[in-house]
Amino acid sequence: MGPPGGGKGTQAQRLASAHGIPQISTGDILRAAVREQTPLGVKAKGFMDRGDLVPDEVIIGVMADRLRQSDAQKGFLLDGFPRTQAQAEALDAKLRERGPSGVRVVNLDVPDQEVVSRISGRRSCGKCGAVYHVKFTPSRKEGACDKCGGALVQRDDDREEVICKRLEVYHAQTRPVLAFYEKKGVVRSVRGTGPLDEVTALIEQALA
Ligand code: AMP
């Protein structure tokens with residue numbers, strides 16, 4: 001867990017591949033649905049563009065389907081879910097059906113002012129979704145994806161006027177979900193600023 005632009009996606013990708021488990025990102029699932037103009041994408045786009053959360057009943061259904069897939073049977077890393085109390089409770093119920101859950105929560109601490117500078121420089125590939133930052137992790141060729149050559153674009157919800165709304169939503173609805181997990185004693189807070197490798201190492205230490 002952590003604020004928008006806090007490095008959840010980047011760190012989740014690294015950890016999931018190091019541990020051989022899938023990274024399940026609700027943001028990525030929704031963006032793919034928007035690109036492909038599926039019914040889910042059509043429903044989600046307006047909420048995403050405004051910086052609002054997609055309604056709980058929609059996202060909980062998406063997650064339930066995803067967790068049923070075969071690659072998620074031996075563990076998974078969630079990125080961007082749960083983001084509300086209702087989502088956390090639904091996840092808890094789903095995990096209970098599967099037996100003892102052993103859920104662990106990593107909270108990335110990143111101050112709001114850093115979030116704004118990170119998000120405003122973020123660019124992603126319109127074709128494969130790979131993520132770059134104009135200053136911190138630029139692509140080799142400006143404006144083109146290193147992986148597939150696709151054009152790099154700014155996410156609609158990374159525009160400055162939407163960032164503030166996303167931060168507001170984070171503080172009002174998502175940050176309080178930490179208390180739900182703190183009561184279970186499973187939260188480890190980690191500094192989310194500094195070099196990528198250092199943050200990855202801190203997360204590994206926190207989970208060891
Ligand atoms: P992210 O890439 O995680 O920052 O997500 C981008 C946007 O997708 C969010 O601002 C929300 O509009 C939507 N979204 C992603 N995950 C969720 C979730 N768990 N609940 C509701 N909306 C979500």
Side-chain angles (χ1 to χ4, degrees), residues 1-16 22-67 72 76-95 103 105-108 110 112 114-126 128-133 137 152-178 180-181 192:
M1 298 186 74
K8 297 187 297 291
T10 306
Q11 293 297 340
Q13 207 170 14
R14 291 172 148 225
L15 291 166
Q23 170 206 4
I24 301 181
S25 155
T26 38
D28 286 350
I29 294 172
L30 294 171
R31 277 185 291 280
V34 170
R35 273 199 301 275
E36 289 154 24
Q37 297 181 358
T38 65
L40 169 66
V42 171
K43 210 182 288 176
K45 187 172 178 359
F47 294 100
M48 295 171 79
D49 287 352
R50 285 194 302 276
D52 274 326
L53 295 180
V54 172
D56 282 335
E57 64 276 14
V58 174
I59 207 82
I60 288 169
V62 166
M63 190 47 80
D65 288 346
R66 181 63 187 86
L67 292 183
F76 45 80
L77 207 159
L78 299 180
D79 153 20
F81 182 96
R83 262 175 151 105
T84 64
Q85 178 77 18
Q87 292 177 19
E89 284 169 12
L91 176 65
D92 216 40
K94 273 270 157 277
L95 295 182
V103 69
V105 176
V106 173
N107 176 49
L108 287 174
V110 180
D112 286 3
E114 169 115 6
V115 162
V116 176
S117 84
R118 281 191 192 184
I119 298 189
S120 48
R122 178 156 69 180
R123 299 290 180 272
S124 53
C125 175
C128 76
V131 181
Y132 301 87
H133 189 283
T137 50
L152 300 187
V153 292
Q154 185 171 43
R155 273 169 49 174
D156 285 337
D157 60 346
D158 279 354
R159 284 171 296 120
E160 209 151 325
E161 61 274 24
V162 187
I163 301 175
C164 296
K165 176 66 197 270
R166 289 168 64 202
L167 265 171
E168 215 178 281
V169 167
Y170 167 72
H171 286 293
Q173 298 191 59
T174 305
R175 175 86 212 193
V177 177
L178 268 185
F180 176 87
Y181 290 108

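Not measured: the values here are computed from a predicted model. Whatever order the structure lists them in is the order used to number ligands and atoms, beginning at 1.
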Per-pair distances, ligand 1 N/O vs protein N/O, less than 3.5 Å:
from     : atom 1 : to   : atom 2 : distance (Å)
ligand 1 : 2 (O)  : R31  : NH1    : 2.9
ligand 1 : 2 (O)  : R31  : NH2    : 3.0
ligand 1 : 2 (O)  : R155 : NH2    : 3.4
ligand 1 : 3 (O)  : R83  : NH1    : 2.9
ligand 1 : 3 (O)  : R83  : NH2    : 3.2
ligand 1 : 4 (O)  : R83  : NH2    : 3.2
ligand 1 : 4 (O)  : R155 : NH2    : 3.4
ligand 1 : 4 (O)  : R166 : NH2    : 3.3
ligand 1 : 12 (O) : D52  : O      : 2.6
ligand 1 : 16 (N) : T26  : OG1    : 2.8
ligand 1 : 16 (N) : G80  : O      : 3.4
ligand 1 : 16 (N) : R83  : NH1    : 3.0
ligand 1 : 19 (N) : G80  : O      : 2.9
ligand 1 : 19 (N) : Q87  : OE1    : 3.0
ligand 1 : 20 (N) : Q87  : NE2    : 2.9
ligand 1 : 22 (N) : V54  : N      : 3.0

Start with the C-alpha distance between F180 and Q85, add both sets of side-chain angles, then the distance that settles side-chain contact (heavy atoms from CB on, under 4.5 Å), and finish with yes or no. CA-CA 8 Å; F180 176 87; Q85 178 77 18; 3.4 Å; yes
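Ion pairing between R166 and D158 holds under the 4.0 Å rule for side-chain N and carboxylate O. For the pair D157 and K165, the salt-bridge criterion is not met [side-chain N within less than 4.0 Å of a carboxylate O].
Within 6.0 Å of CD on E161 lie more than 12 heavy atoms contributed by other residues, nucleotides or ligands.
Residues V106 and M1 fail the side-chain proximity criterion, which asks for heavy atoms closer than 4.5 Å.
Q154 pairs by the side-chain hydrogen bond (donor to acceptor under 3.5 Å, both in side chains) definition with nothing, not counting sequence neighbours.
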